[in-house]
Amino acid sequence: MLADSHCHLNYKGIAEEQQAVLSRARARGVTAMLNIATRESEWDAVLATAEREADVWATVGIHPHEADQHPHIDTAKLIERTRHARVVGIGESGLDYHYDHSDRGRQQASFRAHLAACRETGLPIVVHSRDAEDDTFGILKEELGQGSFPGVIHCFTGTRAFADKALALGFYISISGIVTFKSARDIQETAARLPLDRLLIETDAPFLAPVPHRGRTGEPAFVADTAAFLSNLRGEAVNDLMAATYRNFRTLFAKTGPA
């Protein structure tokens with residue numbers, strides 16, 4: 001069994017053939033997919049897919065790129081939507097200083113609102129962090145000081161030091177198809193040493209298709225290719241790695257039910 005811990009099934013490139021995409025994923029052993037929200041306007045569609053498909057769950061959240069456009073999305077609004085049975089996490093939220101599509105102060109305020117919702121609901125936070133390691137860690141540490149909540153650093157591309165800090169906070173680390181790229185030596189070195197009980201795998205579909213699918217639209221089926229690469233990188237049997245990351249997914253996103 002395999003879990004794609006982060007995909008966007010309602011994004012262009014997948015939404016047009018969603019049923020075929022889901023069928024291809026299932027044919028490769030993917031039995032759990034987390035459909036991630038990034039803006040309020042897509043929440044209903046993301047939830048509708050999760051309602052329709054028994055192996056798909058959803059999050060609600062605002063991507064840091066969208067923070068300027070969503071000042072009205074506060075902790076209370078997030079909590080209200082998490083009452084839906086198929087919402088198992090909050091996000092993706094966080095900080096992106098690479099593109100700075102939204103004001104950094106607004107990104108930080110939005111991130112804190114999401115974390116407060118996690119603290120109140122017990123649901124995990126799905127963290128996006130790019131070129132913002134110090135502030136991401138600082139905010140997580142401060143907010144955890146007010147009460148615990150679980151979470152994952154999604155599509156990890158950070159430093160080894162950041163991975164260690166996130167693990168020390170109790171977070172999981174999710175590895176995407178980027179790890180299969182020849183240029184991703186630093187990520188490969190970090191992925192090789194992550195504790196197996198804190199490791200997740202994702203596609204971030206329709207983005208970041210792994211080798212041997214580079215240049216194509218990403219889809220959840222490709223999580224099997226990333227799993228195969230990671231098993232070789234880490235020297236673990238592929239079935240063991242798949243089973244462990246599946247259990248980790250069901251443990252972190254506990255609202256999905258028992259593994």
*Asks:* Is it the case that atom CG in Asp134 sees more than 12 heavy atoms from other parts of the structure closer than 6.0 Å?
*Replies:* no

*Asks:* Please lay out, stage by stage, how Arg39 and Gln69 fare under the test side chain to side chain contact (heavy atoms under 4.5 Å, CB included).
*Replies:* CA-CA 9 Å; Arg39 58 181 70 88; Gln69 306 304 316; over 6 Å; no

*Asks:* Between the main-chain N or O of Leu9 and the side-chain N or O of Asn35, is there a donor-acceptor pair closer than 3.5 Å?
*Replies:* yes

*Asks:* Output, in order, the C-alpha distance, side-chain angles, deciding distance and verdict of side chain to side chain contact (heavy atoms under 4.5 Å, CB included) for Gln19 and Glu53.
*Replies:* CA-CA 10 Å; Gln19 289 303 315; Glu53 307 294 339; 2.7 Å; yes

*Asks:* Search all heavy atoms of Leu241 against all heavy atoms of Ala227 and return the closest pair with its distance.
*Replies:* CD2-O, 3.8 Å

*Asks:* Ignoring hydrogens and geometry, is there a side-chain-to-backbone donor-acceptor pair from Arg198 to Asn248 under 3.5 Å?
*Replies:* no

*Asks:* Quick check: do Thr59 and Glu92 have side-chain heavy atoms less than 4.5 Å from each other?
*Replies:* no

*Asks:* Looking at CD of Glu120 and CD1 of Ile90, how far apart are the two atoms once the value is rounded to the nearest 0.5 Å?
*Replies:* 9.5 Å

*Asks:* Under 3.5 Å, side chain of Ser176 to main-chain N/O of Thr203, donor-acceptor pair present?
*Replies:* no

*Asks:* Distance from His101 atom NE2 to Gln107 atom CD, nearest 0.5 Å?
*Replies:* 10.0 Å

*Asks:* My understanding is that only one of Arg28, Arg214, Arg216 makes a salt bridge (Lys or Arg N to Asp or Glu O under 4.0 Å) with Asp225; could you say which?
*Replies:* Arg28

*Asks:* Can you tell me if Arg160 has over 12 outside heavy atoms packed within less than 6.0 Å of its CZ?
*Replies:* no

*Asks:* Taking the side chain as every heavy atom from C-beta outward, state whether Ser129 and Phe162 have any pair of such atoms under 4.5 Å apart.
*Replies:* yes

*Asks:* Is the backbone N or O of Gly218 less than 3.5 Å from a side-chain atom of His213, with the two atoms forming a donor-acceptor pair by type?
*Replies:* no

*Asks:* Could you tell me if Ser174 and Ser5 have a donor-acceptor pair between their side chains, going purely by distance under 3.5 Å?
*Replies:* yes

*Asks:* Classify the ring geometry between His6 and His8 as parallel (under 30°), tilted (30 to 60°) or perpendicular (over 60°).
*Replies:* perpendicular

*Asks:* Please answer whether the main-chain N or O of Leu140 pairs with a side-chain N or O of Glu143 as donor and acceptor at a distance below 3.5 Å.
*Replies:* no

*Asks:* Tell me the closest heavy-atom pair linking Ile187 and Phe156, and the distance in Å.
*Replies:* CG2-O, 3.9 Å

*Asks:* Could you report the tightest heavy-atom contact between Ala45 and Asn10, atom names first, then the distance?
*Replies:* O-ND2, 3.4 Å

*Asks:* How about Gln18: does its CD atom have over 12 heavy atoms from other parts shown lying under 6.0 Å from it?
*Replies:* yes

*Asks:* About how many Å separate CG of Asp131 and CG of Asp96, when rounded to the nearest 0.5 Å?
*Replies:* 7.0 Å

*Asks:* Are Arg193 and Asp164 within salt-bridge range, i.e. N to O under 4.0 Å?
*Replies:* yes

*Asks:* Is any side-chain heavy atom of Ile125 less than 4.5 Å from a side-chain heavy atom of Phe171?
*Replies:* yes

*Asks:* Quick check against the 3.5 Å criterion: does Glu219 have a side-chain atom that pairs as donor or acceptor with the backbone of Ala25?
*Replies:* no

*Asks:* Below 4.5 Å, heavy atoms only, C-beta onward: do Leu95 and Arg104 meet side chain to side chain?
*Replies:* no

*Asks:* Report yes if the side chains of Phe249 and Thr256 come closer than 4.5 Å at any heavy-atom pair, otherwise no.
*Replies:* yes

*Asks:* Do the side chains of Arg81 and Glu40 get close enough for a salt bridge, i.e. N-O under 4.0 angstrom?
*Replies:* no

*Asks:* Looking at Ala228, is its backbone amide N or carbonyl O close enough to the side chain of Ser231 to form a donor-acceptor pair, meaning the two atoms are under 3.5 Å apart?
*Replies:* yes

*Asks:* Please examine the side chains of His128 and His154, heavy atoms only from C-beta on, and report whether any two atoms are closer than 4.5 Å.
*Replies:* yes

*Asks:* Check the side chains of Thr159 and Glu133 for a donor-acceptor pair under 3.5 angstrom, ignoring hydrogens and angles.
*Replies:* yes

*Asks:* Taking all atoms of both residues into account, what is the closest heavy-atom pair of Phe181 and Ala209, and its distance?
*Replies:* CE2-O, 3.6 Å

*Asks:* Between Ser102 and Asp68 (side chain of the first, backbone of the second, donor and acceptor by atom type, cut-off under 3.5 Å), is there such a pair?
*Replies:* yes

*Asks:* Would you compute the distance between atom CZ of Arg86 and atom CG of Leu34 and round it to the nearest 0.5 angstrom?
*Replies:* 10.5 Å

*Asks:* Ile79 and Phe149: same hydrophobic cluster, using ILVMFWY side-chain contacts below 4.5 Å?
*Replies:* no

*Asks:* What's the shortest heavy-atom distance between Ile175 and Ala191, and which atoms?
*Replies:* CD1-CB, 4.1 Å

*Asks:* Can Thr38 and Tyr11 be said to form a side chain to side chain donor-acceptor pair (under 3.5 Å), step by step?
*Replies:* CA-CA 10 Å; Thr38 59; Tyr11 270 25; 2.7 Å; yes

*Asks:* Is the shortest side-chain heavy-atom distance between Met33 and Leu22 below 4.5 Å?
*Replies:* yes

*Asks:* If two hydrophobic side chains count as joined below 4.5 Å and joins carry through other members, does Val152 share a cluster with Leu196?
*Replies:* no

*Asks:* Hey, could you give me the CG/OG1 distance between Leu208 and Thr217, rounded to the nearest 0.5 Å?
*Replies:* 12.0 Å

*Asks:* Using a 6.0 Å cut-off, check whether atom NZ of Lys255 has over 12 heavy atoms from anything other than its own residue.
*Replies:* yes

*Asks:* Do Arg106 side-chain atoms and His70 backbone N/O form a donor-acceptor pair below 3.5 Å?
*Replies:* no

*Asks:* Sub-3.5 Å donor-acceptor pair from the side chain of Trp43 to the main-chain atoms of Gly61, do we have one?
*Replies:* yes

*Asks:* Mind listing the closest non-hydrogen atom pair of Cys155 and Asp204 along with its distance?
*Replies:* SG-OD2, 4.4 Å

*Asks:* Any side-chain heavy-atom pair from Phe111 and Val127 closer than 4.5 angstrom?
*Replies:* yes

